[in-house]
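The shown structure was predicted, so the numbers you read here are calculated from the model rather than taken from an experiment.
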Amino acid sequence: MFTYKISFEHHFQNSWPILIYLVGAFILPFYITKRFGSGDTWIFIILTATLFLMFFIPQLLVHINYYTRNKADIFFYDPSGQKITINHKGESVSFSFNDIQLIKRFKSYPLAENRMQWFPWDSYNYSVIRLKNGKEFIITSLLVPNMGLPIASGRIRLEKRFYPIVQDT
């Protein structure tokens, strides 16, 4: 039995790429100042800070969106019994793999195609589990980092997105 809940490790696994942009935002003004002179240092700092925020704010919005969807949720996965139990908003729902009608996996293009990721939000992904009784559950990568359940490929649909924010279904 595997138990998943939002943890510091899951936060870090999803958000670490922004650290590369942060390092670049600190180094770039010094490089530009060294190359072109120190007369416009504050302009270089403002430009790199603006560029950093252009990447950080979209990632922060995705992160907050994922966190608010699954902040108190617990995902239990029993591979031997092929059962899943989801505790969501104080309610516990158990179901088997046979109860699943469809799983929609939403990933960025680079993550779905196993390519180099260019944007800090490319590592985020989420899945919508639709049961045969009509219930749906949204499982974000903050809760379950990579939800690869052993379900027939005909019941899994991959949808690629540039910006993988959870949209109401």
Side-chain angles (χ1 to χ4, degrees), residues 1-31 44-80 83-94 97 100 103-130 136-151 156-169:
M1 176 81 103
F2 295 95
T3 302
Y4 297 94
K5 56 177 104 172
I6 294 179
S7 66
F8 177 77
E9 181 183 354
H10 293 172
H11 281 290
F12 187 74
Q13 284 176 346
N14 282 272
S15 61
W16 75 266
I18 199 66
L19 297 176
I20 296 168
Y21 291 84
L22 185 62
V23 169
F26 278 118
I27 294 173
L28 193 58
F30 294 111
Y31 171 75
F44 300 145
I45 291 172
I46 290 170
L47 287 175
T48 56
T50 302
L51 186 63
F52 171 75
L53 289 174
M54 287 174 56
F55 290 101
F56 177 70
I57 291 172
Q59 180 185 6
L60 181 63
L61 292 174
V62 169
H63 198 89
I64 291 170
N65 177 261
Y66 281 28
Y67 180 74
T68 57
R69 294 285 177 161
N70 292 139
K71 66 182 166 192
D73 294 355
I74 303 174
F75 185 92
F76 300 99
Y77 168 51
D78 178 11
S80 61
K83 289 191 171 230
I84 294 172
T85 302
I86 298 174
N87 290 346
H88 178 68
K89 295 184 179 178
E91 229 180 281
S92 183
V93 177
S94 294
F97 287 1
I100 298 173
I103 297 179
K104 283 187 186 177
R105 301 281 325 262
F106 294 89
K107 294 182 175 184
S108 67
Y109 286 95
L111 185 63
E113 297 166 3
N114 201 19
R115 294 186 288 124
M116 187 170 107
Q117 298 174 11
W118 289 94
F119 298 105
W121 56 82
D122 282 342
S123 61
Y124 290 79
N125 64 89
Y126 71 97
S127 298
V128 177
I129 301 174
R130 182 181 307 141
E136 288 189 346
F137 301 96
I138 296 173
I139 308 299
T140 66
S141 56
L142 285 182
L143 181 61
V144 180
N146 186 16
M147 196 171 74
L149 297 173
I151 294 178
I156 298 174
R157 185 180 327 148
L158 176 63
E159 295 201 18
K160 301 175 190 177
R161 300 248 165 98
F162 171 73
Y163 187 63
I165 197 159
V166 176
Q167 299 172 354
D168 291 324
T169 54

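Taking 4.5 Å as the limit, some side-chain heavy atom of Leu149 sits within range of a side-chain heavy atom of Tyr77. Here the side chains of Ile156 and Arg105 are in contact, with some heavy-atom distance below 4.5 Å. Taking 4.5 Å as the limit, every side-chain heavy atom of Lys107 sits out of range of all side-chain heavy atoms of Arg161. Phe97 places a side-chain heavy atom less than 4.5 Å from the side chain of Pro150. Pro79 has its side chain within reach of Phe2: a pair of non-hydrogen atoms, C-beta onward, lies under 4.5 Å apart. Using a 4.5 Å heavy-atom cutoff, the side chains of Phe76 and Lys83 are not in contact. Side chains of Lys5 and Asn87 form no contact here, defined as non-hydrogen atoms less than 4.5 Å apart.
Put simply, CD1 on Ile103 and CD1 on Ile151 are 3.5 Å apart, with the number rounded to the nearest 0.5 Å. Note that CG of Leu142 and CD1 of Ile6 are 5.0 Å apart. Values are rounded to the nearest 0.5 Å. Here Ile84 contributes atom CD1 and Tyr4 contributes atom OH; the two are 10.0 Å apart, rounded to the nearest 0.5 Å. The line from CZ of Arg130 to CD of Glu136 is 4.5 Å long, rounded to the nearest 0.5 Å. Going from atom CD1 of Ile100 over to atom CZ of Phe137 covers 10.0 Å, rounded to the nearest 0.5 Å. The distance from the CE atom of Met147 to the CD1 atom of Ile129 is 4.0 Å, given to the nearest 0.5 Å.
Counting only N and O atoms by type, the side chains of Asn14 and Ser141 include a donor and acceptor under 3.5 Å apart. With no hydrogens or angles considered, no side-chain donor-acceptor pair links Asn125 and Ser127 at under 3.5 Å.
Between Phe119 and Phe162, the distance from one ring center to the other falls under 6.0 angstrom.
A donor-acceptor pair under 3.5 Å is absent between the side-chain atoms of Thr85 and the main chain of Ser94, judged by distance alone. Formation of a donor-acceptor pair under 3.5 Å by the Asn65 side chain with backbone atoms of Ile165 is not found in this model.
Residue pairs meeting the salt bridge (charged side-chain N to carboxylate O under 4.0 Å, His left out) criterion with at least one partner in residues 60-74, sequence neighbours excluded, are Arg69-Asp168.
Atom CE of Met54 is surrounded by 12 or fewer heavy atoms from other residues, nucleotides or ligands within 6.0 Å. Residue Tyr163 places its OH atom among more than 12 non-hydrogen atoms of other residues, nucleotides or ligands, all under 6.0 Å distant.
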(request) Go through the steps for Ile86 and Ile139 under the test side-chain contact (heavy atoms from CB on, under 4.5 Å), then give the verdict. (result) CA-CA 10 Å; Ile86 298 174; Ile139 308 299; 3.9 Å; yes
(message) Is there a ring pair (Phe, Tyr, Trp, His ring centres under 6.0 Å) between Phe52 and Tyr21? Walk through the geometry before answering.
(response) CA-CA 6 Å; Phe52 171 75; Tyr21 291 84; 7.7 Å; no
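Relative ring orientation between Tyr66 and Tyr124 is described as perpendicular, the plane-to-plane angle rising above 60° on a 0-90° scale split at 30° and 60°. Using a 30° and 60° split on the angle between ring planes, His11 and Tyr67 fall in the tilted class, from 30° to 60°.
Taking both residues in full, the closest heavy atoms of Gln59 and Ser15 are given as NE2-CA, 3.1 Å, listed atom of the first, atom of the second, then distance. Ser123 and Leu111 make their closest contact through O-CD2, 3.8 Å (heavy atoms, listed as atom of the first residue, atom of the second, distance). Contact between Ile45 and Thr48 at its shortest, heavy atoms only, is O-OG1, 3.1 Å. Between Phe106 and Val128, the shortest heavy-atom distance links the atoms CE1-CG2, 3.8 Å.
Arg115 and Glu113 are joined by a salt bridge, as a carboxylate oxygen and a charged side-chain nitrogen come within less than 4.0 angstrom of each other.
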